[in-house]
Amino acid sequence: MSLLEVTKVTKKFSGLVAVNEFSMTVEAGQIVGVIGPNGAGKTTLFNCIAGAFPPTSGSIIFNGQEVAGKKPYEICQFGITRTFQVVKPFASKSVLYNTMVGAFAQTQHLHEAEHIAIEVLQFLGLDHKKDIVSKSLTLPERKRLELARALATKPKLLLLDEVMAGLRPVEVTEMLPIIRKINETGVTIVIVEHIMQAIMNLSEKIYVVNFGKKIAEGDPDTVVADEEVIKAYLGDEYVVTQH
Amino acid sequence: MKQLLDQKPIVLLLSALLLGGLFILPLVITSPALMQIIILIVLYAYLTSTWNFVGGFAGVLPLGHSAFIGIGAYTSTVLMQTFGLSPWFGMIIGGLLAAMVGAAIGLPTLKLRGAYFALATIAIGEGMRVLFENVKQVGPFKINGPSGISLKLVESSFMDFQFDSKAPYYYIILIMLLLVLLLTYFMMNSKVGYYLAAGGEEPEAAEALGIKVARYKLIAMVISCFLAALGGTFYAQLMLYFYPKSILGLDLSFEIAFIALIGGRGTILGPVLGALLLRPVSELTRIYLGASLPGLHLIIFGLVLIMVMRYYPAGIVEPIRNLINKYIIEPFNKEKKSAEGSEADKAD
Ligand SMILES: Nc1ncnc2c1ncn2[C@@H]1O[C@H](COP(=O)(O)OP(=O)(O)OP(=O)(O)O)[C@@H](O)[C@H]1O
Ligand SMILES: [Mg+2]
């Protein structure tokens with residue numbers, strides 16, 4: 001049984017079909033990439049899986065259980081945690097406080113939550129910022145805080161929505177081993193990213209979306225050689241973001 | 001508890017002195033009129049602290065809290081007048097009733113954002129006042145419409161919650177305030193507090209981290225309404241007379257919100273500092289200008305709010321905390337460090 005089975009998920013916004021009969025399977029332990037041009041429907045797909053809104057139709061089975069249409073907090077309790085592309089820190093609170101909110105998914109006790117949070121922050125190299133109010137962080141740091149908070153809930157499946165956007169190439173190179181290390185601790189990851197270098201490097205399998213539809217899937221090398229994929233991306237922002 | 005005592009010794013010492021001072025205050029102040037003003041400061045600090053559970057932590061602005069204070073006052077009073085039940089029991093019953101009403105109101109309204117929640121609570125608070133003004137009697141209970149209720153006078157006794165002197169009232173409300181501040185402290189340092197703050201600030205992110213935001217807001221609302229109603233009973237016993245406008249109107253709801261915003265919502269000491277600053281203003285305008293310019297105190301509050309928000313958007317608790325840090329805690333730490341330093345020198 002796969003960890004996540006998305007079958008023919010469709011999401012319509014008053015006429016606009018943002019996700020169109022999209023299917024994918026994620027096996028436990030994998031890192032799976034989802035790519036596609038701006039507005040392709042990647043974030044909408046994450047929103048459906050994470051319960052931000054219900055899919056218009058289709059099924060999402062996680063760990064053998066139907067989760068389509070469940071509330072975000074229920075989905076998190078099942079073991080799926082997502083990060084937000086447009087970061088949403090608890091702005092007036094410190095980095096540690098933010099991360100502890102995530103950690104409370106695992107414990108009732110303040111001290112344990114603090115302990116878990118500090119460990120996560122150390123793991124992500126953010127512990128020296130723990131007392132900083134999160135609204136004074138730089139964007140890359142906020143992205144990392146998104147990751148810290150999500151990780152502190154101890155998810156089985158982590159949905160990462162452009163956590164590397166805005167990072168300098170050096171910083172991207174630093175993030176790659178971190179994400180791989182998270183994966184090695186037993187967390188399955190689905191990652192949306194525009195930075196090809198990162199996606200190619202990390203993913204075992206890649207799904208390509210355009211206009212809400214899946215146009216290709218497979219291992220990284222097959223996918224980038226795919227004609228339709230090249231067509232979808234020709235002259236598009238990939239060239240720009242590759243530095 | 002350990003955490004609470006885990007403060008710097010100077011902070012503990014000062015707190016102890018302050019507490020001691022508060023407890024001997026009635027021995028020093030002999031004027032009942034002055035005592036009454038002080039009691040009202042403590043009462044408003046208490047009421048605002050109960051408001052704080054929702055208004056300070058759940059990310060919404062309740063503007064109808066007088067509804068719950070009124071429920072408390074009316075419940076304990078009619079039970080006492082009709083059945084001779086001790087106001088202490090009536091207080092608990094009023095609290096439970098207010099908690100239930102609060103839950104019923106909170107369920108639909110807490111989902112509303114920003115101004116919508118504020119407006120809904122104004123409507124409910126005012127609706128409650130109009131309702132009570134139009135009811136003379138409910139079953140055996142005399143409500144008396146707009147003219148309100150005068151409490152039967154009895155001999156000074158604890159069980160009857162009536163006293164000849166002001167001191168017992170002062171001690172009762174002081175202890176109620178300290179307990180509520182303690183509860184606030186424990187809540188802020190618990191999972192519930194973290195979840196409430198998270199849900200209040202970024203509900204979407206909070207839900208994604210497994211928090212059923214609506215449930216935590218409802219918990220805060222129920223606690224807040226229960227405690228606010230206890231304050232209502234206290235008000236009734238202190239004044240021995242109240243009517244819908246005095247205890248259910250927007251005036252009271254707004255004054256509480258002003259105290260919270262100016263003092264610093266979502267902090268432990270904000271409501272206390274706000275009450276210390278605004279209550280005297282409110283008393284003075286009422287004494288000297290109440291007849292000619294009623295409502296003037298609200299205008300003054302508005303101006304103070306504008307000033308405070310301009311320079312200290314988090315409330316006056318912010319500069320005061322900085323002052324305490326700068327003039328009390330830091331110098332003390334320095335002294336301690338230099339003392340340690342000289343000891344280290346000797347060891348060399
Ligand atoms: N809540 C919403 N209401 C209406 N339309 C929406 C909503 N969310 C997304 N859309 C639309 O759905 C389409 C897909 O958007 P989505 O954010 O999923 O794209 P994306 O692949 O994540 O793009 P990007 O790479 O820019 O992040 C877009 O046309 C977008 O405008
Ligand atoms: Mg997106």
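Just so we're on the same page: letters track the sequence lines, and every chain starts at 1. Quick note: numbers below take in every heavy atom, side chains included, and nothing from hydrogens, waters or symmetry partners.
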task: Please work out which of the three classes, parallel, tilted or perpendicular, describes the rings of B/Y194 and A/Y97, given edges at 30° and 60°.
output: parallel
- prompt: If you tally heavy-atom pairs under 4.5 Å against chain B, which of A/A52, A/G51, A/A91 wins?
  reply: A/A91
field: Whether B/E207 side chain and A/P72 backbone form a donor-acceptor pair below 3.5 Å
entry: no
message: To the nearest 0.5 Å, what is the distance between CG on A/L110 and CE on B/M188?
response: 11.5 Å
- request: Identify which of B/G193, B/S190, B/A198 forms the greatest number of heavy-atom pairs closer than 4.5 Å to chain A.
  value: B/A198
query: Looking only at heavy atoms, which two atoms of A/K93 and B/A197 are closest? And how far apart?
result: CE-CB, 3.9 Å
query: Tell me, side chain or backbone of A/P89 under 4.5 Å from chain B's heavy atoms, or both, or neither?
result: backbone
- prompt: Minimum heavy-atom separation for B/E204 to A/F84, with atom names?
  reply: O-CZ, 3.8 Å
task: Go through the atoms of A/S92 and report whether side chain, backbone, both or neither lie under 4.5 Å from a heavy atom of chain B.
output: both
query: Distance from A/R82 atom CZ to B/L209 atom CG, nearest 0.5 Å?
result: 10.5 Å
message: Counting only heavy atoms not in A/K88 (residues, nucleotides, ligands), do more than 12 fall under 6.0 Å from its NZ?
response: yes
message: For B/R113, is the CZ atom crowded, meaning more than 12 foreign heavy atoms sit under 6.0 Å from it?
response: no
- line: Separation between NZ (B/K191) and CD (A/Q108), nearest 0.5 Å, reads 4.0 Å
task: Select one option (side chain, backbone, both, neither) describing which atoms of A/A105 are under 4.5 Å from chain B's heavy atoms.
output: both
message: Just checking B/M307: does its CE atom have more than 12 heavy atoms from other residues, nucleotides or ligands closer to it than 6.0 angstrom?
response: no
message: A quick test of your reading: do over 12 heavy atoms of other residues, nucleotides or ligands sit less than 6.0 Å from OH of B/Y312?
response: no
Reported CZ-to-CD distance for the pair A/F90 and B/E201, which is rounded to 0.5 angstrom: 7.5 Å
message: Looking at B/Y116, I'd like to know if its OH atom is crowded, meaning that more than 12 non-hydrogen atoms belonging to other residues, nucleotides or ligands lie closer than 6.0 Å.
response: no
